[in-house]
Amino acid sequence: MTPAIILQIMRFGFLALLWLFLFFIFRLIRADLTGSRPRSVAAAPPRTSPRSAPPRQGVAPAQRRHTPRQLVVTAGSLMGTRINLGSAPILIGRADDSTLVLTDDFASSRHARLTRRSDGEWLVEDLGSTNGTYLDRQRVSAPLHVPLGVPIRIGKTVLELRV
């Protein structure tokens, strides 16, 4: 083969790689804006980590009464916002149908979810966000138990469960 043909093949290969890269970038942006996930990143069933379900034996009845009743925004543009907790899960993100709609540029459309277990404990799980969800400086990769007063950070927004 002549060097001109090899150079032309390299040009077309580079162009194909560039288009492939742009395709994946636009797909990622579209998924973030619409709140849907690409099919290749299907949601796995929730896994429980050893830290998410502490044993209930030996817990004093007085401690059980201190179940969280409110979700409070302690930092960010919605600081001071309070949501009364019930049994329904709380969806957090930029999407309009979220329970707590964030105006944070670092939050995804469907960023995280707080779910109440049957024993009254709350779990936080990241919903495949780009920038992650943090429970007291620990990145949430599986549903984790949320103790009272421990900060949940989503971008510049910080939330806490309170009595």
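A single hydrophobic cluster is seen to contain both I83 and L102, as judged by linkage of ILVMFWY side chains at heavy-atom distances under 4.5 Å, directly or through other members. When hydrophobic clusters are built by joining Ile, Leu, Val, Met, Phe, Trp and Tyr residues whose side-chain heavy atoms come closer than 4.5 Å, directly or via intermediates, V101 is not grouped with I152. Criterion: ILVMFWY side-chain heavy atoms under 4.5 Å apart, direct or through other members. Under it, L85 and V73 are part of a common hydrophobic cluster.
Here the closest non-hydrogen pair linking H145 and P147 is O-CD, 3.4 Å. Across all their heavy atoms, P68 and G120 have their closest contact at CD-O, 4.4 Å.
For the pair T99 (side chain) and L91 (backbone), a donor-acceptor distance under 3.5 Å is present. With hydrogens and angles ignored, the 3.5 Å screen pairs a side-chain donor or acceptor of T74 with a backbone N or O of V158. Put simply, the side chain of N131 never gets that close to the backbone of G155: no donor and acceptor are under 3.5 Å apart. Side chain of R94 to backbone of A107: a donor-acceptor contact under 3.5 angstrom is found.
Contact of the H111 side chain with the D104 side chain is not registered, since no non-hydrogen atoms from C-beta on lie closer than 4.5 Å. L71 places none of its side-chain heavy atoms less than 4.5 Å from the side chain of W122. With contacts defined as side-chain heavy-atom distances shorter than 4.5 Å, the pair Q70/N84 qualifies. Side-chain contact between L127 and E125: present, with at least one pair of heavy atoms (C-beta onward) separated by less than 4.5 Å. When side chains are defined from C-beta on, V163 counts as touching L148, because their heavy atoms get closer than 4.5 Å. Taking the side chain as every heavy atom from C-beta outward, R82 and R162 approach each other to under 4.5 Å. Residues D97 and R110 are in side-chain contact: their nearest non-hydrogen atoms beyond the backbone lie under 4.5 Å apart.
The side chain to side chain contact (heavy atoms under 4.5 Å, CB included) with L114 is formed by just one residue from the set L123, I90, L100; it is I90. The side chain to side chain contact (heavy atoms under 4.5 Å, CB included) test with L159 singles out one residue from V150, V124, I154, and that residue is I154.
Annotation: F106, atom CZ; neighbour count of heavy atoms from other residues, nucleotides and ligands within 6.0 Å does not exceed 12.
Here CZ of F12 is found 11.0 Å from CG of L7. Values are rounded to the nearest 0.5 Å. W19 CH2 to F24 CZ: the interatomic distance, rounded to the nearest 0.5 Å, is 14.5 Å. With values rounded to the nearest 0.5 angstrom, L18 atom CG is found 5.5 Å from F14 atom CZ. With rounding to the nearest 0.5 Å, the separation of OG1 in T133 from CZ in R113 is 11.5 Å. One finds the CG atom of L144 at 10.5 Å from the CG atom of D126 (value rounded to the nearest 0.5 Å). To the nearest 0.5 Å, atom CG of residue L15 and atom CG of residue L20 are 11.5 Å apart.
Classification of K156 and D105 as a salt-bridged pair fails, no side-chain N sitting under 4.0 Å from a carboxylate O.
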